[in-house]
Amino acid sequence: MMNPLDLLALSIVCYLLASLVALLGNKKEIPVYCSGVIGAIGGVVGVISAAFALAGSTPLMTTLASPFYFAKLTINMDELAAFMVMVISLIMVASSVYSLQYIKEYQGKGDWGICFFLNLFVASMVVLVVVDNAFYFIVFFEMMSLASYFLVLVDQNQKSVKAGLQYFFIAHAGSVLIMISFFMLYRASGSLSFSSFSHLALPSWEASVIFLLAFFGFGAKAGMITLHGWLPQAHPAAPSHASALMSGVMVKIGIFGIIKVGLVFLGGTHAWWGYVVLAFGAISSVLGVMYALAEHDIKRLLAYHTVENVGIILMGVGIALIGTATGHPVFAALGLLGALYHLLNHAVFKGLLFLGAGSIIYRTHTKDMEKMGGLGKLMPYTAIAFLIGTMAISALPPLNGFVSEWFIYQSLFGMSRQGDLSMTIAGPIGVVMLAITGALACMCFVKVYGICFSGAPRTQKTSEAKEVGWPMVVSCGFLALLCIILGVGSPWISPVISHIATMTLSATPIIVASGAALHPVSTTQAILSTPVIAIALIVLILVPVVILMAFKGHRLHDRSLGDPWSCGYAYEPRMSISASGFTQPLRFMFAPIYRIRVLLDPSGWMSRLLNVVTQGATRIEPVFDGYLVRPCCRGALALSRWISRMQGGDLRIYGLYIVIVLVVLLFVPFELGVK
Amino acid sequence: MTQLHMPDVNWIILAVVQALLMLLFVPLATGFSRVLRARMHSRRGPGLLQDYRDIVKLLRRQSVAPANAGMIFRIMPWVLIVTMLLVAMALPTLTQTSPFPISGDVITDIYLLAIFRFFFALAGIDSNSMFSGLGGARELTLGVLVEPIFVLSIFIMALVVGSTDLGYISQGMLTEIWQHPVTVILAGIACAFAVFVEMGKLPFDAAEAEQELQEGPVTEYSGSGLAMVKLGLGLKQLVVAQLFLAIFIPWGKAATLGLPALILAAVVLLIKLVVVFFLAGLVENSMARVRFLNTSRLTWSAFSFAGLALAFYIVGL
């Protein structure tokens, strides 16, 4: 068995190599292709490394030479870091393979640049999660933000430049907050290394300030509501396989940071932190999906769903914080288990959906869902993979999204049962929010799949679409398969993730699986067995088969013929439901929620703030002029006018001046000279 | 409470038999609703067994789909029946505990119902007809409005009993109702409302509308496909009604797995179901239809019942 750290280094070398190779690819195809292949190899090596790290029990730590005396370059691949490496690498494999064909869309339009920045972006994320020093963390965090900023700019049109700018600002506002919180920790510990940050005896207010700074800083990266404005702009602007990485993986770095600061460094000492995180999570999940519903740009819609899923993950993290602070390690561990599981699941199905959306765009050259339709028959493999993704994200059993949400439900249940008043109130509210989110997500993805893949093509261009090539189909298929494995295999995967969760919390291990069944620790509280559900669903197909066989009679084969019924009028293809028509009732009923979107978008009030500042500046400028500059000028003028009176032009007066000066000089030097 | 585990063979057989029996009695239940409606309209109407005749006749007919309809349109009836059978297996209807607790977790059940809704609505869009697409949108909108009520009322019951397993909730209710009477009653009212909607009854179902609103996603189905959809929809009515009965009216069930006890429990269950369908039919046929866009007002008031139930649970009543 190779050392996971060596493998990790190898995978990072692969990414760097891939980005260097891509640099050669200006106007050439082969280097870009090679770059994709090397990137995929890097991903596979990363997965293996993370798997070994999770399987082994020895702590993986090493210190490398650092050029800076104040910051040691320590690599610490603990369970959480290995888990994050796994998530990043899995999506990277799919994205790299996908890019082999997809990148042709950008041929001559900066394809080499995309490969260069994409590999750099992934490399910096991988290093970021394993590095154990605040200085290097921030360096790589910035590198990640910058690399992804260039990915957003790829299209080079006004929209993407604007999106990039907004992204750039919010990312940096976030990293400033993170830096401040790290500096406060540094002040207390006297060292920049992460290991010195934990177990600090901080005063309560200081710990809270550090937590809130880090929460909002990382929250901006995670795209939680109120700080999400950049996300639906930036993610759709990037190429689809880059969006998959940004939406599936990069936002998780924000979650990783919140877990790291809140639970690992500060030890989750205050329950109210947990309530804050839970509240932000719940609101993000409901509003995220609500806004997604109103979209008909497929990539923007998916980006809003990232806001939703980040909210669900944050709910789990919030529960973990509450449980840790109040001394309930069991539901805390369950909450974190749900959060981490959902983090992985979301990366997989959101990656799949973005790649699927990319396949559609690759063929139809539009992001507008109103122009799609009927792709289920034209692109059957993509359609099936996409359907699995939509079912997974809608949390339908036995797929993966359901399992992680089930754990979060169960941890909310565990929390509500503790008898503490605030927990008894917060738990059911969380459940209701999660239920609304589930129902809305279900509606939203029926819309996405239905409008894009079902029925008849809405435009001529769409009707000419055909199935994409094998790299794109294979990578979508790979992620779809992962959705099924992570769902049906949950009794065997959950213990691994629960181990990560309890190690992160430094709590006693919990037992969540027995045989093929899952329990939320308590074996009387609930039982879930996704493999049995999957088998039961398959076996029960026999029932309709038997019914159809028994009453076959002289029935003819099923037939597809003719137009849908249209009240006796001639049918037109336009007579099918549109994306905006589909959600009209809901938008009517929840109109106030759509109205507050304007209020919650920071770009609106930020630009208003900027206007106020510039207006104020223009107003203050004349004040300075009026009271400071102008009086000075006026005084100087008056003085000089007064002085100029001396210059009368009369020779006699000048003579007088000379006499006066001579007389004065006669006395003054005498005084000085004699002494 | 003993710990939840994989069911053994006897229980699985009971679960399958109970699910199949439910499927067998679907046309009877829907036929009963039709008879009731006819009586309330002062019509003679069809006989009690008319739906059996309809379904058998339809099953022998060819299924014709619109030319543009795809795979989803074809598999939807299958999905309906299969998911509802799985929920039906888990219901503690005759026995005090769930015969198949694997799918008997209330959260799992709610998401199994979501599969039903997902495919039902998706098939509506897939059939490419304006009416069925609209029907799908309405089905999902109702889902969004009703699901929070359904989940909250059931979750409160789970909290009262201390387990999210349907069987244990049902069993625990026998004793716990006296601990939290007000909570249980309020949650029951909210849940009854949600179940009424989930049963696809008026005014929340536009099935009887004029030409602008046909039977939602069912519009384009025909022949054997239509028969299967009808079975699936009917099965859902039976399942959600029994879900309600299992949680809120758990009395009169078999304590052991003996045949006499089971038969007695079946008789009690039949009576309960007749009452439920009678009441649902009564409400359905005596209500005027409201504009669809106004349903949210009604559901908010039902949600407030669930919210009140939560408040009383916190107070401890």
Side-chain angles (χ1 to χ4, degrees), chain A residues 374 376-377 394-397 402 406 409 413 416-417 424-425 428 431-432 435-436 438-440 442-443 446 449-450 454-456 515 517 523-529 532-533 536-537 540-541 543-544 548 551 553 555-556 558-565 567 575-577 582 585-586 588-589, chain B residues 1 3-4 6 56 59-72 78 81-82 85-86 101-103 105 107-108 111-112 114-115 118 121-122 125-130 133-134 137 140-141 143-144 147-148 151-152 155 159 162-165 211 219-220 224 228 292-293 296 310 314:
Chain A
K377 283 180 180 162
S394 310
L396 301 184
F402 173 70
W406 185 81
Y409 271 115
F413 183 80
S416 318
R417 285 277 296 171
T424 319
I425 296 173
V431 165
V432 170
I436 297 177
L440 286 168
C442 192
M443 176 162 193
V446 166
Y449 186 87
S454 296
T523 50
T524 55
Q525 186 176 316
I527 185 171
L528 172 73
S529 174
V532 173
I533 289 181
L537 284 174
L540 284 172
I541 293 177
V543 176
L548 281 177
F551 293 94
R555 185 174 64 225
L556 299 171
D558 290 356
R559 194 162 59 134
S560 289
L561 188 77
D563 294 326
W565 183 73
C567 304
M575 289 180 177
S576 59
I577 191 151
F582 194 74
L586 211 72
F588 175 84
M589 289 171 186
Chain B
M1 286 189 272
Q3 68 173 44
L4 289 161
M6 292 282 175
V56 169
L59 276 172
R60 294 174 197 276
R61 294 270 186 276
Q62 180 186 29
S63 163
V64 183
N68 285 324
M71 159 192 75
I72 303 285
W78 300 64
I81 292 184
V82 168
L85 280 176
L86 188 57
I102 300 300
S103 58
D105 185 69
I107 297 160
T108 313
Y111 280 88
L112 283 171
I115 299 186
F118 186 90
L122 197 50
I125 304 182
D126 199 30
S127 60
N128 208 21
S129 145
M130 191 72 197
L134 269 180
L140 288 168
T141 309
V144 170
E147 198 139 300
V151 169
L152 184 57
F155 188 75
L159 281 178
S163 171
T164 61
D165 178 73
Q211 66 167 3
T219 312
E220 289 298 331
S224 54
M228 306 264 278
F292 183 76
L293 290 178
S296 61
L310 175 64
I314 291 167

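Letters go in sequence order (proteins before strands), and every chain restarts at 1. None of the values given here were measured: they were computed from a predicted structure.
The part of B:Leu310 that comes within reach of chain A is its side chain, from C-beta onward, which places non-hydrogen atoms under 4.5 angstrom from that chain. At a 4.5 Å heavy-atom cutoff, the contact between B:Thr108 and chain A is made by backbone and side-chain atoms alike. Contact annotation for B:Arg60: both backbone and side-chain heavy atoms come within less than 4.5 Å of a heavy atom of chain A. Residue B:Ala114 touches chain A through both its backbone and its side chain, counting heavy-atom pairs closer than 4.5 Å. Proximity to chain B (any heavy atom under 4.5 Å) is restricted, for A:Phe402, to the side chain, taken from C-beta onward. Contact annotation for B:Val82: both backbone and side-chain heavy atoms come within less than 4.5 Å of a heavy atom of chain A. With a 4.5 Å cut-off on non-hydrogen atoms, A:Phe588 touches chain B through its side chain but not through its backbone.
Under the 4.5 Å side-chain criterion, counting only non-hydrogen atoms from C-beta, B:Thr164 is not in contact with A:Trp406. Under the 4.5 Å side-chain criterion, counting only non-hydrogen atoms from C-beta, B:Ile102 is in contact with A:Ile527.
By number of non-hydrogen pairs under 4.5 angstrom with chain A, the leading residue of B:Leu159, B:Ile314, B:Leu85 is B:Leu159. Among the candidates A:Leu440, A:Leu561, A:Asp563, A:Val543, the residue making the largest number of heavy-atom pairs closer than 4.5 Å to chain B is A:Leu561. The choice from B:Ser129, B:Gly133, B:Ser63 that makes the most heavy-atom pairs within less than 4.5 Å of chain A is B:Ser63. Between chain B and the residues A:Ala526, A:Ala536, A:Gly562, A:Pro397, the largest count of heavy-atom pairs under 4.5 Å involves A:Pro397. Contact count against chain B (heavy-atom pairs under 4.5 Å) is highest for A:Arg559 among A:Met443, A:Met575, A:Arg559. Highest contact tally toward chain B, considering only A:Tyr409, A:Phe413, A:Tyr449, is held by A:Phe413 [criterion: heavy-atom pairs under 4.5 Å]. Considering only heavy-atom pairs separated by less than 4.5 Å from chain B, the leading option among A:Gly450, A:Ala517, A:Gly515 is A:Gly450. Ranked by heavy-atom pairs under 4.5 Å with chain A, the first of B:Ile107, B:Leu152, B:Val64, B:Val151 is B:Ile107.
At least one donor-acceptor pair under 3.5 Å links the side chain of B:Glu220 to the backbone N or O of A:Trp565. In this structure, the side chain of A:Lys377 engages the main chain of B:Ala69 through a donor-acceptor pair within 3.5 Å.
The minimum heavy-atom distance linking A:Ile533 with B:Leu86 is given by the pair CG2-CD2, 3.9 Å. Smallest separation of non-hydrogen atoms from B:Met6 and A:Ser529: CE-OG, 3.4 Å. Nearest approach of A:Arg417 to B:Gly162, heavy atoms of both residues: CZ-CA, 3.4 Å. For the residue pair A:Ala439 and B:Gly143, the shortest heavy atom distance occurs at CB-O, 4.1 Å. What you find for B:Leu4 and A:Gln525 is that their closest heavy atoms are CD1-C, 4.2 Å. In this structure, B:Phe118 and A:Cys442 approach most closely via the heavy-atom pair CD1-SG, 3.7 Å.
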Kindly determine whether B:Phe155 and A:Val432 satisfy side-chain contact (heavy atoms from CB on, under 4.5 Å), including the steps that lead there. CA-CA 9 Å; B:Phe155 188 75; A:Val432 170; over 6 Å; no
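For A:Asp558, the salt bridge (charged side-chain N to carboxylate O under 4.0 Å, His left out) partners two or more places apart in sequence, or in a different chain, are B:Arg74. Not counting sequence neighbours, the partners of B:Asp126 by the side-chain contact (heavy atoms from CB on, under 4.5 Å) test are A:Ser454, B:Ile72, B:Phe73.
The distance from atom CG of A:Leu528 to atom CG of B:Asp165, rounded to the nearest 0.5 Å, is 11.5 Å.
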